[in-house]
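Here the structure comes first, spelled out in structure tokens, and everything after it is commentary.
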Amino acid sequence: MTDMQEFRYAVSRRAAGGHAGPDGRDGLDGPASDLAVRLGVRTAVLLEGASDLAAVEALAARRGRDLAAEGVCVVSMGGAMSVGRYAGLLGPTGLGLRLTGLCDERERPFFDRGLARAGAERGDVFVCVADLEEELIRALGAPKVEEIVQAEGDLRAWQTFMRQPAHHGRPARQQLRRFLGTKKGRKIRYGRLLVEALDHDQVPAPLDGLLASL
């Protein structure tokens, strides 16, 4: 486990209800705080899930950036409703890091409330219309995504999915978005693959804006 992964694990463990710090308060303990200082962590990127994290890290790698070396900790929170806990631990009322993030339009109120309670700026959150998968599928186009699905050996599963009556008549983009969420780990894998398939000018605005802000 790298030092940044260790720090991210400590944050996630505390946000999930891990033990209180040595002073009895609900904050990060000495070792985790010391690790943040040693790593030079200056910014925390709050993401709803692991597929978003895979996409952000893939785009950073494509652009030749090492976010950990730049003092940027990218965190998968396991859902937007956890943003208050993470913001409290990492933001002005916690470690004092700059907070930014990526969320779906319907989850923006959770981010606004959580960041406000932590005393953090709310303008640094980049918003997807439905979710990041939908943004990536729309940017690439359904035919290109279907090519990637075939190249990954998921064509038969995709064809079986399309034959299900519940999905008949829906636009291909919606079907693909639903398909990516039907198997554990698939969204994470395709979060990286779809980003790697983008042309430079196809990067969705919320994802591009997030990386540019770091």
Side-chain angles (χ1 to χ4, degrees), residues 1-2 4-5 8-9 12 45-70 72-80 82 100-107 126-214:
M1 180 182 291
T2 66
M4 188 61 81
Q5 287 174 319
R8 187 159 57 194
Y9 174 77
S12 296
V45 182
L46 305 181
L47 303 174
E48 293 187 53
S51 61
D52 298 331
L53 188 150
V56 169
E57 291 189 333
L59 183 59
R62 281 194 59 178
R63 294 181 173 177
R65 297 184 60 180
D66 183 343
L67 296 181
E70 295 176 24
V72 177
C73 179
V74 185
V75 180
S76 168
M77 302 183 295
S82 298
T100 185
L102 184 75
C103 71
D104 308 342
E105 192 173 68
R106 66 181 179 276
E107 310 292 1
F126 297 83
V127 183
C128 302
V129 175
D131 54 27
L132 184 54
E133 286 77 26
E134 190 274 338
E135 295 273 357
L136 292 169
I137 293 167
R138 177 154 40 88
L140 286 166
K144 178 61 177 179
V145 178
E146 289 176 332
E147 289 179 14
I148 297 169
V149 168
Q150 181 172 2
E152 286 298 300
D154 288 331
L155 180 60
R156 180 173 295 181
W158 166 236
Q159 291 172 335
T160 299
F161 175 87
M162 287 193 297
R163 286 196 293 267
Q164 297 174 6
H167 306 301
H168 288 175
R170 291 187 175 185
R173 289 199 318 229
Q174 291 183 16
Q175 291 177 325
L176 284 162
R177 177 172 169 249
R178 290 292 301 274
F179 173 72
L180 296 185
T182 57
K183 182 179 179 181
K184 184 176 181 181
R186 184 178 282 157
K187 283 178 67 174
I188 299 172
R189 179 161 56 99
Y190 278 91
R192 173 180 57 81
L193 290 168
L194 297 185
V195 167
E196 290 174 348
L198 292 167
D199 290 336
H200 176 73
D201 61 354
Q202 289 180 313
V203 179
L207 184 59
D208 187 52
L210 175 65
L211 260 291
S213 75
L214 301 176

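Between D154 and R189 there is a salt bridge, since a side-chain N of the basic residue sits under 4.0 Å from a carboxylate O of the acidic one.
Looking at Q174, its side chain never comes within 3.5 Å of a backbone N or O of P171 through a donor-acceptor pair. A donor-acceptor contact shorter than 3.5 Å is absent between the side chain of S12 and the backbone of Y9. Put simply, the side chain of E135 gets close to the backbone of V129: a donor and an acceptor are under 3.5 Å apart.
Scanning all heavy atoms of the two residues, the minimum distance from F126 to P206 falls at CB-O, 3.5 Å. Closest approach of V203 to H200, counting heavy atoms only: CG2-O, 3.7 Å. Nearest heavy-atom pair, R106 versus A130, reported as atom, atom and distance to 0.1 Å: NH1-O, 3.2 Å. In terms of heavy-atom proximity, L102 sits nearest to C128 at CD1-SG, 4.0 Å.
The CE atom of M162 sits 6.5 Å away from atom CD of Q175, with the distance rounded to the nearest 0.5 Å. Note that CG of L176 and CD1 of I137 are 5.0 Å apart. Values are rounded to the nearest 0.5 Å. Taking CG from L180 and NZ from K187, the interatomic distance works out to 8.0 Å, rounded to the nearest 0.5 Å. One distance of note links CG of L198 with CG of L193; it measures 11.0 Å at 0.5 Å rounding. Distance check, rounded to the nearest 0.5 Å: OG of S76 to CG of D52 gives 7.5 Å. The structure places CG of L211 at 6.5 Å from CG of L67, a figure rounded to the nearest 0.5 Å.
Here the side chains of D131 and R177 are in contact, with some heavy-atom distance below 4.5 Å. Proximity of S51 to L132: side-chain heavy atoms (C-beta onward) are nowhere separated by under 4.5 Å. With contacts defined as side-chain heavy-atom distances shorter than 4.5 Å, the pair L59/L210 does not qualify. Taking 4.5 Å as the limit, every side-chain heavy atom of C73 sits out of range of all side-chain heavy atoms of V45.
Figure legend: R178 and F161 shown without cation-pi pairing, the cationic atom not lying both under 6.0 angstrom from the six-membered ring centre and within 45 degrees of its axis.
Listed by first and then second residue, the salt bridge (Lys or Arg N to Asp or Glu O under 4.0 Å) pairs that reach into residues 53-66 are R8-E57, R63-D208, R65-E70, sequence neighbours excluded.
Among residues two or more places apart in sequence or in another chain, the salt bridge (charged side-chain N to carboxylate O under 4.0 Å, His left out) test is passed with E146 by none.
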